[in-house]
Amino acid sequence: MITKCMQCSEEAYEIATDLFSKGEIAAFPTETVYGLGASAYNAAAAGKIFDAKGRPHDNPLIVHVAEKSMIPELVDITETGKALIDAFMPGPITVIMPRKSVIPDEVTAGLDTVGIRMPINAFAHRMLEVCKLPIAAPSANRSGRPSPTTALHVLEDMDGRIPLILDGGPCEVGLESTVVDAANGEPMILRPGAVTKEMIEKVCGVCRVTDSVLRPLRQGEKALSPGMRYRHYAPKGEMHLYEGDANNVAEGICIAYDSALAASLSPCILCFSEHSEMYSSRRFVSLGRLSNPEEAASRLFTVLRDMDRLEIDCIFCEMLPTDGMGLAVMNRLGRAASFQIVKV
Ligand code: TXA
Ligand code: MG
């Protein structure tokens, strides 16, 4: 199969619409990461998404809509769901609610709930508006790779596997949406994102966060969000996070870096710009300012892909506080490092 990559335009949306209506799939930009979409009504088309990604069939897809008026056809809107939709849609949030039977089992992986997302990105919104269909779409990476935040990332993973990539430039947020379970009672964050716990608390009064966000799943533990079971975002090199006072962290990282070099390995340091001076004689990549975790969010997946491209063997990485957007960044860093944390 030849993979076409087209700038977002009215013509490109028509081509995507034609593909979706024929039960085909196409990748498109959103404000979070690129998605790989198919008609949410078409079980066979959903199957093509799983095949192209190499995604386990028990990991459900979320459904994207152009307008709030499309939501009642797809799910039973709960009280918490309504509050989240009113406050945060369109935007980087996925709200899980009880599904209606129009959504096939292949999309929900047999669950009785489905996640609804209404992107705020103008290209995504226009594509969904033109195609007039709810679009089931996971992130457009091969399973296990970091989510794509540019059309080129999608091409790296999907060349020859899908017919079309719509190019809308780099994604503004850079991390996947906040997944919130609103199916029964109080909201619970299953995957942190740019809509933060603090923002949801302001709207709903309370917001729990599943504790496996900052630790690996225990053996035999049931994941609340099936996607959390799988090794994600992981670069090929060994990655370690360093926790402690900034000076101790820098010292620990430099020692580890130097011994990796001495062992003829290819190391790299991921740090925050406030600390980069402490690593100046070594190879480092800045994730942005510690005081602005949105910068790390928007760079992280590109940086992780670069680690593989540069054939880095070991990655030594600083940590950041878990308030606000910091929680989403720490969740992805933790999983990229399989939660291997060195306390100094
Ligand atoms: O920002 C995003 O959410 C992107 C863009 C394309 O919209 N999509 C995305 O989809 O990240 P995906 O499939 O890569 O991640 C969705 C996560 C998965 O971990 C999945 O297991 C979980 O949401 N999920 C989906 N439906 C669920 C459900 N009904 N109950 C619990 N978790 C669910
Ligand atoms: Mg994904």
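Just follow the structure's listing: the first ligand is 1, and inside any ligand the first atom is 1.
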Closest heavy-atom approach to atom 8 (N) of ligand 1 among Leu111, Asn59, Leu190, Ile62 is made by Ile62
How are the rings of Phe316 and His240 set relative to one another: parallel (under 30°), tilted (30 to 60°) or perpendicular (over 60°)?
parallel
For atom 24 (N) of ligand 1, which of Ala27, Pro60, Gly37, Gly35 has the closest heavy atom?
Pro60
Taking only non-hydrogen atoms of His64, do any sit less than 4.0 angstrom from ligand 1?
yes
Could you tell me which atoms of ligand 1, counted from 1 in the order shown, lie closer than 4.0 angstrom to a heavy atom of Ser177?
1 (O), 2 (C), 3 (O)
Taking 4.0 angstrom as the limit and counting only heavy atoms of Ile96, give me the atoms of ligand 1 inside it, by number and element.
27 (C), 28 (C), 29 (N), 30 (N), 31 (C), 32 (N), 33 (C)
Has the side chain of Ser338 got a donor or acceptor atom that lies under 3.5 Å from a matching backbone atom of Gln340?
no
Going hydrophobic residue to hydrophobic residue with side-chain gaps under 4.5 angstrom, can you get from Ile312 over to Leu241?
yes
I'd like to check which ligand 1 atoms, numbered from 1 as shown, lie under 4.0 Å from a non-hydrogen atom of Arg55.
13 (O), 14 (O)
So which pairs with a foot in residues 58-101 pass ring-ring contact (aromatic ring centres under 6.0 Å, His included), sequence neighbours left out?
Phe28-His64
Evaluation steps, side-chain contact (heavy atoms from CB on, under 4.5 Å), between Thr94 and Thr178:
CA-CA 6 Å; Thr94 298; Thr178 307; over 6 Å; no
Heavy-atom contacts under 4.0 Å between Thr113 and ligand 1: side chain, backbone, both, or neither?
both
Partners passing side-chain hydrogen bond (donor to acceptor under 3.5 Å, both in side chains) against Ser266 (at least two apart in sequence or in another chain)
Arg283
Does Asn121 offer a backbone N or O that forms a donor-acceptor pair with the side chain of His125 under 3.5 Å?
no
If the test is side-chain contact (heavy atoms from CB on, under 4.5 Å), which one of Leu300, Leu304, Asp308 qualifies with Pro146?
Leu304
Option with minimal heavy-atom separation from atom 15 (O) of ligand 1, where the choices are Lys53, Glu176, Arg191, Arg99:
Arg191
Short N/O/S contact of Ser139 with the Mg ion (ligand 2) (below 2.8 Å)
yes
From Ser139, Ala194, Ser143 - option closest to atom 9 (C) of ligand 1 by heavy atom:
Ser139
Atoms in ligand 1 flagged as close to Val33, the criterion being non-hydrogen separation under 4.0 Å:
4 (C), 6 (C)
